[in-house]
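Here is the structure we will look at, set down as structure tokens.
Model, not experiment: these values are computed from the prediction. Reminder, nothing fancy here: chain letters follow the sequence lines and each chain counts from 1.
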There are 2 protein chains.
Amino acid sequence: MKELQTGWPQNIKKTKPREWVLSVFENAQKPLSAMDICSQVEKNGGSVWLSTVYRILELFVEKGLVIKTTVMNSDMAVYELNRYQHKHYAVCMSCHKIVTMKNCPMEKFVPKLEDDDFHVMGHNLEVYGYCRKCSTK
Amino acid sequence: MKELQTGWPQNIKKTKPREWVLSVFENAQKPLSAMDICSQVEKNGGSVWLSTVYRILELFVEKGLVIKTTVMNSDMAVYELNRYQHKHYAVCMSCHKIVTMKNCPMEKFVPKLEDDDFHVMGHNLEVYGYCRKCSTK
DNA sequence: ATTACTGCAAAGCATTTGCAGACTG
DNA sequence: CAGTCTGCAAATGCTTTGCAGTAAT
């Protein structure tokens with residue numbers, strides 16, 4: 001049973017750096033950049049090079065384990081575990097704080113696309129505005 | 001009357017490069033990258049340096065004239081006119097074709113955020129999947 | 001033993017910045 | 001004329017790639 005929760009994903013060779021990266025994701029409360037992951041791994045006592053992190057992320061994305069997105073007006077890519085439950089965020093335009101959204105507008109929504117045969121696989125949504133602190137400043 | 005449609009936005013000094021960039025946006029059918037804009041300006045007989053385009057884009061975004069987004073798994077930023085009517089796109093995961101979405105799920109949706117005082121200003125939405133051609137390949 | 005993965009260095013590329021001359025109002 | 005904007009060059013910073021040694025099955 002325990003294996004089901006923390007079990008290593010199939011089709012992915014187990015190595016120290018990959019274990020570290022995955023464990024960082026499992027403890028993360030928000031999407032992480034490659035650098036975030038790198039420094040978090042080191043904070044946990046491991047050691048990985050940035051380029052290795054990028055290769056691991058590429059692999060994880062390819063295997064559907066992780067989702068790659070970008071946060072508003074930031075050129076940096078961020079990654080998060082694909083928990084197969086939608087999760088969206090609001091980003092403060094002023095301080096770039098990230099606030100979790102608890103619901104998802106796509107649940108009961110069918111997009112009307114110009115290509116009628118477009119096969120929708122998923123979506124990214126991001127709300128932007130001003131957080132409590134910044135809107136009262 | 002004509003001025004209302006093609007009138008130059010207030011608070012923005014009029015220069016050739018800016019006029020060219022704006023006109024490119026007005027004739028664009030999809031979000032454009034800085035390079036797209038640059039080459040489009042040249043195609044129209046103008047001439048701008050890329051760094052100038054970036055500075056113009058930054059200004060336009062700041063003035064609320066243009067919106068900056070990123071398209072799936074591409075590290076390149078794209079920009080489009082803020083037409084004050086939502087417009088969203090679906091992106092083909094295989095050929096990266098962009099398909100316009102005619103409706104918007106946020107119209108009748110109130111996001112539940114962890115920060116109750118978050119002041120929502122707008123949103124980005126992107127749907128991904130496979131277009132007609134790629135899903136039958 | 002074979003194949004794949006990582007550390008490391010160096011390259012790539014979109015974007016930003018500095019500066020002097022040119023242009024706008 | 002004063003202040004801003006642009007052309008151009010060079011720097012920055014995220015991400016990718018090449019290669020040789022190391023680790024996994």
One character per nucleotide, please: for nucleotides 18-25 of chain C, 5' to 3', B when the base has a protein heavy atom closer than 4.0 Å, S when only the sugar-phosphate does, - otherwise.
BB----SS
Rounded distance (Å) that lies between atom P of D:dA24 and atom CD of A:E19:
9 Å
Is A:F60 linked to A:M35 within one hydrophobic cluster, defined over Ile, Leu, Val, Met, Phe, Trp and Tyr using a side-chain heavy-atom separation of less than 4.5 Å?
yes
Considering all heavy atoms, the nearest B:K102-A:E114 contact:
CE-CG, 3.6 Å
Do A:H88 and A:H123 have ring centroids that are under 6.0 Å from one another?
yes
If we ignore hydrogens and angles and just use 3.5 Å, is the side chain of A:D115 paired with the main-chain N or O of A:D117 as donor and acceptor?
yes
Separation of A:M35 atom CE from D:dG13 atom P, in whole Å?
9 Å
Could you check how far CG of B:L50 sits from P of D:dT12, rounded to whole Å?
19 Å
Specify the separation, in whole Å, of atom CG of A:N11 and atom C1' of C:dA4.
15 Å
Can you tell me if the side-chain N/O atoms of B:W49 get under 4.0 Å from OP1 or OP2 in D:dC8?
no
Picking from B:E80, B:E126, B:K30, what satisfies side chain to side chain donor-acceptor pair (under 3.5 Å) with B:Y89?
B:E80
Between D:dC5 atom P and B:F60 atom CZ, what is the distance in whole Å?
11 Å
Both A:W20 and B:A77 contact DNA chain C. Which one's nearest nucleotide lies toward the 5' end?
A:W20
Taking every heavy atom of A:Y79 against every heavy atom of A:F25, the minimum-distance pair comes out as O-CE2, 3.3 Å
Rounded (10°) bend between the five-pair end axes of the helix from C:dA1-D:dT25 to C:dG25-D:dC1
40°
When A:L32 is tested against each of A:L57, A:V24, A:V78 for side-chain contact (heavy atoms from CB on, under 4.5 Å), which residue passes?
A:V24
Length of the NZ-P vector between A:K68 and D:dC14, whole Å
14 Å
How about B:K63 and B:N11: do any of their side-chain heavy atoms sit closer than 4.5 Å?
yes
Expressed as a whole number of angstroms, how long is the span from B:Y54:OH to C:dA14:P?
7 Å
I need the CD1-P distance between A:I56 and C:dA4, as an integer number of Å.
17 Å
Return the nearest nucleotide to the side chain of A:R18; candidates are C:dA14, C:dC5, D:dT6.
C:dC5
Donor-acceptor pair, distance only, cut-off 3.5 Å: does the side chain of B:N103 make one with the backbone of A:V110?
yes
